[in-house]
Amino acid sequence: MMKRAIAALLAAAMVVSLAACGGASGGADGAAGSGSATAASGTTEGVKLEATDPVYGGSATFYYTDFNNVFDPAMGEYYTYSLWFEYLWAPDWGLNDPDTYNFDINTFTVDTAKGQIAKEWSWENYDDGDGYSDLYVTIRDDIYFQEKDDPQYDVFHARNLTAADVVYTYSRLWGKGTDYCLGEEPFMIDGDWYNRFQGIVDFELDDPVEQVGEYELVFHLATESESRLSEFMIAQVNITGVEWQDLTSEQQNDWHYACGTGPYILTDYQAGSYYKFKKNENYYEYDERHPENKLPYLDEVILTSVTDNAAAMSSFISGDLDYIALDAFLSDDQSAELISSMDGNLQVNSYSNGANALVLKCNQEPFSDPKVRIALQKAINLEEATVSYLGYSEDDFAYAALWSPSLTGWSGIENWSADLLDEYTYDPEGAKELLAEAGYPDGFTFTVAIDPEADPDLFQLAKSYFAAIGVTMEIEVLSDMMEGREVQGNSEDTRQFNNTVGAASDAGFAYQTWASDGFAYAVYANDTEMDELLKNTRDAMTLDDQANYAQQADVHFAEQHWAIVLSGQTMQKEYLQTRIRGLENGELLSGHHFFKTFIARIYAVD
């Protein structure tokens, strides 16, 4: 197939380059944190690194793909280029036992969260009249804002962070708070933080969060659900200071003013090209695995854009980049050849990354008819697309539904009935019969609008499968992901769209995307059963109950065929030069919400 042929040509070119270049040196690359909702744990290939003691100094340059050019602390959870910001909670770098804690899963819980800005927290009764225990948080008293070199941009003057700053940060996002934001609208850039915390925080109060001491605050909650409390702590809200409200909108969009308490200070920026950071010498944190070591280790971090995957791989081979992550780019055999050619200078991690899918608007004909949706799915040869096109082995083939099987224990695929398995089995003749029963014996024509991050060749393959049952799919490639969101958000727009399935790991985000009253809802199916299952998954009082509801939701999602899966689970591979250390326990950088937390803890060995 086309993708495998292209990859084979590229692999041959890389072998030639390696022979000329020798080993790698300098640089680092991070396609990490590029907007994926997943993190993932997977298998490690290539050389097994010996543990080394961390060292200070050096520079790392990461290939980064998601340049959204936003510097406001209200930016969403995915934009991990903001190395200058921090959160209240983060994963614990010291927990690395996969039997007790899967470090790379975004969905850590109240039991495995580590305080970052937060020092201590507890749930106690508070007389606010709603009957729920509230979340008391004490923040650290030794955290200071970064000091900017140019006094013109040094808004925070390296002052001590206090509880007032945390209260201001959340109040601004929610548009609720007597001291700062009462009566204003929630502040949004690319994420709806107000709805993100609906049902968790008591928004009936004028002050959902209050300062109760110089370093103490209380969040007034509207739930005692263990799963929802975990969701609150997972949400990565960038903490800023009250001075931010005094900046003009122009200043807030100027990178020179970007400032927080994080491990790295933004020193240079070129739109769509690079971010450059220097070490924050006044950073407070220590390495959990080496408690005597003050963080960060690297003196300089660069996030750089490369024009395409081939250029990124070439730069990696030459040593200009230390890290890249590429979706379904090389087959297993080609990856093994690359590993061998790098002569011990390469680590490779691979992990499940969901599956590309065609998502249908079920308020429109013919997609309102489930027979049509099942017919489209039966037209797709999932195993052929996965093995022959993407280049995976037959043993790697796995179905995809709602949840990521490597990020959660919520996948219900093992509970699929024989009838449901049949609906995902390639059967073009059966698909034609279903179309005829639905009143479309001659097929129909529709358009799918895909964003630039989708795989256009895979959609071309799907187009050929649909053509075999008389259905014509026109493909429109959009200019950016924002245009894709506009297509999804317009129920009357007759264009269908792309998304990823089998990758969800967060009950809150799944609710927002697939429940009929979720703010990112776009399939317009208005399925009350799915709404209830997702609500119960989100609001479950215990984690065991949550898993039970989630598995039911996974099966129901598959049964409805709102998303036509175009292949089995895909794999993402991240390639890391061996000079970059600290990830020997199998942690991954790619697509991780907590990229900024990890970057402070890795180091370079030259």
Side-chain angles (χ1 to χ4, degrees), residues 31 33-38 64-70 75-81 188-192 195-196 271-272 305 307-309 325-328 353-364 367 373 376 380 400 402 404 445-463 466 473-506 508-516 518-525 557 561-567 570 572 591 593:
S34 59
S36 170
T38 65
Y64 194 88
T65 60
D66 195 18
F67 281 78
N68 283 271
N69 309 317
V70 176
M75 69 176 71
E77 299 176 75
Y78 306 134
Y79 300 144
T80 52
Y81 57 77
M188 291 189 294
I189 292 178
D190 66 321
D192 187 339
N195 278 300
R196 178 81 162 89
S305 175
T307 53
D308 56 39
N309 284 345
L326 303 172
D327 284 314
N353 196 39
N356 282 293
L358 162 68
V359 183
L360 304 173
K361 297 176 181 178
C362 296
N363 63 317
Q364 300 176 3
F367 308 118
R373 303 198 298 269
L376 292 180
I380 302 294
L402 175 60
S404 166
T445 299
F446 73 100
T447 298
V448 57
I450 65 175
D451 64 52
E453 297 298 314
D455 184 342
D457 292 337
L458 186 59
F459 275 85
Q460 287 290 343
L461 180 61
K463 180 177 181 175
F466 292 150
M473 179 175 72
E474 303 294 346
I475 301 172
E476 177 183 347
V477 180
L478 302 174
S479 59
D480 55 43
M481 294 185 70
M482 291 304 297
E483 189 178 358
R485 291 175 184 172
E486 292 174 2
V487 172
Q488 297 174 31
N490 185 349
S491 63
E492 302 305 314
D493 190 323
T494 58
R495 292 174 294 179
Q496 311 309 303
F497 58 95
N498 71 283
N499 207 330
T500 300
V501 298
S505 63
D506 185 311
F509 275 115
Y511 185 89
Q512 293 166 15
T513 304
W514 301 106
S516 61
F519 76 86
Y521 182 64
V523 297
Y524 310 106
F557 178 87
H561 300 279
W562 299 321
I564 307 304
V565 187
L566 303 186
S567 74
T570 62
Q572 174 143 327
H593 288 182

Rounded to the nearest 0.5 Å, what separation is found between the [atom1] atom of [X] and the [atom2] atom of [Y]?
X: L461; Y: F466; atom1: CG; atom2: CZ; result: 10.0 Å
X: L360; Y: Q496; atom1: CG; atom2: CD; result: 5.5 Å
X: M473; Y: L376; atom1: CE; atom2: CG; result: 9.5 Å
X: D192; Y: F519; atom1: CG; atom2: CZ; result: 5.0 Å
X: Q460; Y: D455; atom1: CD; atom2: CG; result: 10.0 Å

On a heavy-atom basis, which atom in [X] and which in [Y] lie closest, and how many Å separate them?
X: N69; Y: A271; result: OD1-CA, 4.2 Å
X: S567; Y: A355; result: O-CB, 3.6 Å
X: L478; Y: G484; result: CD1-CA, 3.4 Å
X: A357; Y: L566; result: CA-CG, 4.2 Å
X: R495; Y: V487; result: NH2-CG2, 3.4 Å
X: A563; Y: V501; result: CB-CG1, 3.7 Å

E486: partners by salt bridge (charged side-chain N to carboxylate O under 4.0 Å, His left out), with sequence neighbours left out: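 Testing E486 for salt bridge (charged side-chain N to carboxylate O under 4.0 Å, His left out), a comparison that skips the adjacent residues, returns none.
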
[X]: side chain to side chain contact (heavy atoms under 4.5 Å, CB included) partners, not counting sequence neighbours:
X: N363; result: K361, S491, E492, Y524
X: D451; result: E453, A454, M481, N498
X: A525; result: C362, Y521, V523, W562

Short side-chain to backbone donor-acceptor contact, S404 and A504, under 3.5 Å: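 Not confirmed, S404 side chain does not pair with A504 backbone.
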
Close side-chain approach of P456 to I475, heavy-atom, < 4.5 Å: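 No, side chains not in contact.
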
For N490, side chain to side chain donor-acceptor pair (under 3.5 Å) partners two or more places apart: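 Per chain and number, N490 pairs via side chain to side chain donor-acceptor pair (under 3.5 Å) with no residue.
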
Ring pair (Phe, Tyr, Trp, His ring centres under 6.0 Å) involving F367 - partner list, sequence neighbours excluded: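 Checked F367 against ring pair (Phe, Tyr, Trp, His ring centres under 6.0 Å); matches are F444, F446.
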
